[in-house]
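Notes follow once the structure below has been shown.
The analysis underlying the following values was restricted to heavy atoms, covering all of them including side chains, and did not include hydrogens, waters or symmetry mates.
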Amino acid sequence: MSSSDVSSRESSQLAVASATHGPWRSAGVVGIVGGGATLGLELITLHWSLGMLAWPASVGLFLLFLVGGVGSAVGKGGDRRLRRWASEHPWQTAAVPAVGLFVTNTITQYLLSGDGIFFSIWTGLWHAAILGAIVGVVSSVASTRRKNSGY
């Protein structure tokens, strides 16, 4: 299946489908542990408020989408054709967890922190950009290694 055979809508659906094959349960555990550890550090400061939950929630969401996105890129589960498409389009596949992080992190920051909507959008945007870059690079390297190994 070449790129010309797939419409942009189908391409988006394939990217989402390939991202669903990540280790999302393990990613959830990593996110909870990372967010919990960050919350423990926030509790030590003794400046307790609703705003202190914003940073741990952000860290937990970042770790959730990082592990899930990278796992979907390097994992061996799922449909072979879907894995092949994802390895041919690593940046489209990396965009899925980045968009997920952007949406959830923006909402979380707006609701939990004292920041306004524009600062929450900015925070969600730069966190998503960093996540997308990490997952995209890992996906690109993994797809290159698969091609070179005869996969």
Side-chain atoms of residues 105-112: list all donor-acceptor pairs with protein atoms under 3.5 Å, sequence neighbours left out, distances to 0.1 Å.
residue: Asn105; atom: OD1; partner: Ser58; partner atom: OG; Å: 3.2
residue: Asn105; atom: ND2; partner: Ser58; partner atom: OG; Å: 3.4
residue: Asn105; atom: ND2; partner: His127; partner atom: ND1; Å: 2.7
residue: Thr106; atom: OG1; partner: Phe102; partner atom: O; Å: 2.6
residue: Thr108; atom: OG1; partner: Thr104; partner atom: O; Å: 2.7
residue: Gln109; atom: NE2; partner: Ala54; partner atom: O; Å: 3.0

So, for Val135 and Pro97, which heavy atoms are closest and what is the spacing to 0.1 Å?
-> CG1-CG, 4.4 Å

Under the side-chain contact (heavy atoms from CB on, under 4.5 Å) rule, what do Val137 and Trp91 come out as? Steps first, then yes or no, please.
-> CA-CA 8 Å; Val137 167; Trp91 293 99; 4.0 Å; yes

Closest heavy-atom pair, Pro23 versus Gly71, reported as atoms and distance to 0.1 Å, is CD-CA, 3.3 Å

Identify the two heavy atoms, one from Ala128 and one from Ala98, that lie closest to each other, and give their separation to 0.1 Å.
-> CB-O, 3.3 Å

In one Ile/Leu/Val/Met/Phe/Trp/Tyr side-chain cluster, 4.5 Å: Phe118, Val103 = yes

Over all heavy atoms of both residues, which pair between Ser139 and Ala73 is shortest? Give the atoms and the distance, please.
-> OG-CB, 3.0 Å

Interatomic spacing from CG in Leu66 to CG in Leu61 - rounded to 0.5 Å | 12.0 Å

Can Leu64 be reached from Leu101 by stepping across I, L, V, M, F, W or Y side chains whose heavy atoms are under 4.5 Å apart?
-> yes

Is the closest side-chain heavy-atom distance between Glu42 and Leu53 below 4.5 Å?
-> no

Decide whether Val29 and Leu63 are clustered together by the hydrophobic rule: side chain heavy atoms of Ile, Leu, Val, Met, Phe, Trp, Tyr closer than 4.5 Å, transitively.
-> no

Under a 4.5 Å side-chain heavy-atom rule over Ile, Leu, Val, Met, Phe, Trp and Tyr, are Val59 and Met52 clustered together?
-> no

Residue pair Ser113 / Trp55, side-chain heavy-atom distance below 4.5 Å = no

For residues Phe62 and Ile130, determine if any side-chain heavy atom of one lies less than 4.5 Å from a side-chain heavy atom of the other.
-> yes

Note: with side-chain heavy atoms under 4.5 Å as the link, the other cluster members for Ile32 come out as none

Calculate, to the nearest 0.5 Å, the distance between atoms OG and CH2 belonging to Ser72 and Trp24 respectively.
-> 6.5 Å

